[in-house]
Number of protein chains: 2
Amino acid sequence: MKKVAALPTKADVCNVPCFDHNKVGQIKAALAKEEKKLPELAEFYKLLGNTTRLKILLALAQGELCVCDIAHVLQLSTAATSHQLKLLRNQGWLSKRDDGKMVYYRLHSQDLLKALKGDLKMLEERLG
Amino acid sequence: MKKVAALPTKADVCNVPCFDHNKVGQIKAALAKEEKKLPELAEFYKLLGNTTRLKILLALAQGELCVCDIAHVLQLSTAATSHQLKLLRNQGWLSKRDDGKMVYYRLHSQDLLKALKGDLKMLEERLG
DNA sequence: TTCTCATTTCGATAGTTGCGAAAATGATAC
DNA sequence: GTATCATTTTCGCAACTATCGAAATGAGAA
């Protein structure tokens with residue numbers, strides 16, 4: 001019966017004639033497994049959905065940099081830069097190295113960069 | 001002189017001693033080319049930074065679906081579903097096919113799905 | 001101590017988002 | 001024609017989020 005939680009009563013009979021029980025059930029089943037990973041994937045994409053953070057990643061692709069120099073590349077305050085770096089660090093994409101007063105950041109691995117370049121290439125190559 | 005717009009005067013002499021002119025200049029030059037593509041890339045990631053839209057894409061990976069069935073898979077109203085579909089369509093990732101009153105959506109190509117699966121795999125495989 | 005680079009906390013503002021309600025569209029059926 | 005149906009669109013909002021400045025705090029260097 002009630003497969004749809006949001007529409008408690010007569011959802012499948014009266015309100016939504018086009019609703020195909022079987023198909024929807026099938027799709028839901030197929031999605032069930034992948035569904036668990038979607039929040040993490042979405043968080044990942046949210047993190048990358050920002051030009052400042054993308055710029056940081058591309059800058060660090062050139063080698064490690066101190067916060068101050070990153071800030072100058074971004075033309076941003078060190079506080080704001082530090083905040084963005086923290087977001088990237090929190091999801092495990094950056095490593096830091098302390099050297100006296102300075103802190104140097106670098107990419108934790110090349111995997112992210114590879115994915116990023118792959119996506120960019122896909123965007124550039126598509127027709128429409 | 002004034003390379004940094006946000007810090008009009010004496011930015012490079014007094015306020016920011018750690019600032020390495022050469023390095024920053026190098027990085028900026030290296031980024032110049034890729035920088036133009038970043039807004040588009042960020043828009044792409046923003047679009048994917050949402051579990052509902054990711055779910056739509058995975059659902060359509062199974063084959064074309066009408067709005068109504070997608071809405072049921074998502075447990076969302078048709079209006080809300082239509083809105084999300086439009087966002088995906090606007091960036092060229094979906095095609096639609098009219099059949100009488102119904103409208104069927106499908107993935108415009110498999111490229112997006114491939115990229116998505118690639119990113120997901122990368123997330124799953126990383127150590128940290 | 002004092003200076004410096006970096007981080008963190010707080011706060012505010014600006015901006016975005018996701019969706020409901022309702023009107024509009026466009027096709028079918030009667 | 002009218003009625004109905006699936007979808008789209010417009011409007012608007014309430015809630016959430018993001019980004020950053022200012023200032024306090026850490027932590028190392030001199």
Stepwise ring-ring contact (aromatic ring centres under 6.0 Å, His included) check, B:Y105 with B:W93: CA-CA 10 Å; B:Y105 279 88; B:W93 302 116; over 10 Å; no
side-chain hydrogen bond (donor to acceptor under 3.5 Å, both in side chains) contacts in which one or both residues fall within residues 94-104 of chain A, not counting sequence neighbours: A:E64-A:R97
side-chain hydrogen bond (donor to acceptor under 3.5 Å, both in side chains) contacts touching residues 37-49 of chain B (sequence neighbours left out): A:D119-B:Y45, A:E124-B:K37, B:E43-B:K46
Whole-Å distance separating the [atom1] atom of [X] from the [atom2] atom of [N]:
X: A:Q75; N: D:dC20; atom1: CD; atom2: C1'; value: 16 Å
X: B:I56; N: D:dT7; atom1: CD1; atom2: P; value: 13 Å
X: A:L88; N: C:dA6; atom1: CG; atom2: P; value: 16 Å
X: B:L87; N: C:dC19; atom1: CG; atom2: P; value: 10 Å
X: A:F19; N: D:dA6; atom1: CZ; atom2: C1'; value: 15 Å
X: A:L85; N: C:dC5; atom1: CG; atom2: P; value: 16 Å
X: A:H72; N: C:dA6; atom1: NE2; atom2: C1'; value: 14 Å
X: B:L74; N: D:dT7; atom1: CG; atom2: C1'; value: 15 Å

Establish, with yes or no, whether the OP1 or OP2 oxygen of [N] is under 4.0 angstrom from a side-chain nitrogen or oxygen of [X].
X: B:K96; N: D:dT8; value: yes
X: A:Q84; N: D:dA18; value: no
X: B:K86; N: D:dT8; value: no

Test item: B:S82 side-chain N/O and B:T78 main-chain N/O as donor-acceptor pair under 3.5 Å: no
All salt bridge (Lys or Arg N to Asp or Glu O under 4.0 Å) counterparts of A:K121, not counting sequence neighbours: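 If we apply the salt bridge (Lys or Arg N to Asp or Glu O under 4.0 Å) test to A:K121, skipping adjacent residues, the hits are A:E125.
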Any residue meeting salt bridge (Lys or Arg N to Asp or Glu O under 4.0 Å) with B:R106, in chain and number order, not counting sequence neighbours: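 None.
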Nucleotide of C:dT7, C:dC19, D:dT8 approaching B:T78 most closely (side-chain heavy atoms):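 It is D:dT8.
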Nucleotide nearest B:A79 when distance is taken to its side chain, options D:dT8, D:dT7, C:dT7: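 My answer, after comparing the listed nucleotides, is D:dT8.
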Sugar-phosphate only, base, or nothing, as touched by A:S77 at under 4.0 Å among non-hydrogen atoms: sugar-phosphate
Residues touching DNA chain C, which here means a heavy atom under 4.0 Å, drawn from residues 39-55 of chain B: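 Contacts with DNA chain C under 4.0 Å: B:N50, B:R53.
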Interface with DNA chain C, restricted to residues 97-107 of chain A and to heavy atoms under 4.0 Å: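 Correct list: A:K101, A:M102, A:V103, A:Y105.
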Pair listing, salt bridge (Lys or Arg N to Asp or Glu O under 4.0 Å) test, anchored in residues 65-91 of chain A, at least two apart: none
Residue pairs involving residues 47-60 of chain A (criterion salt bridge (Lys or Arg N to Asp or Glu O under 4.0 Å); sequence neighbours excluded): A:K55-B:E35
Side chain to side chain contact (heavy atoms under 4.5 Å, CB included) partners for A:Q26, two or more places apart: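 None.
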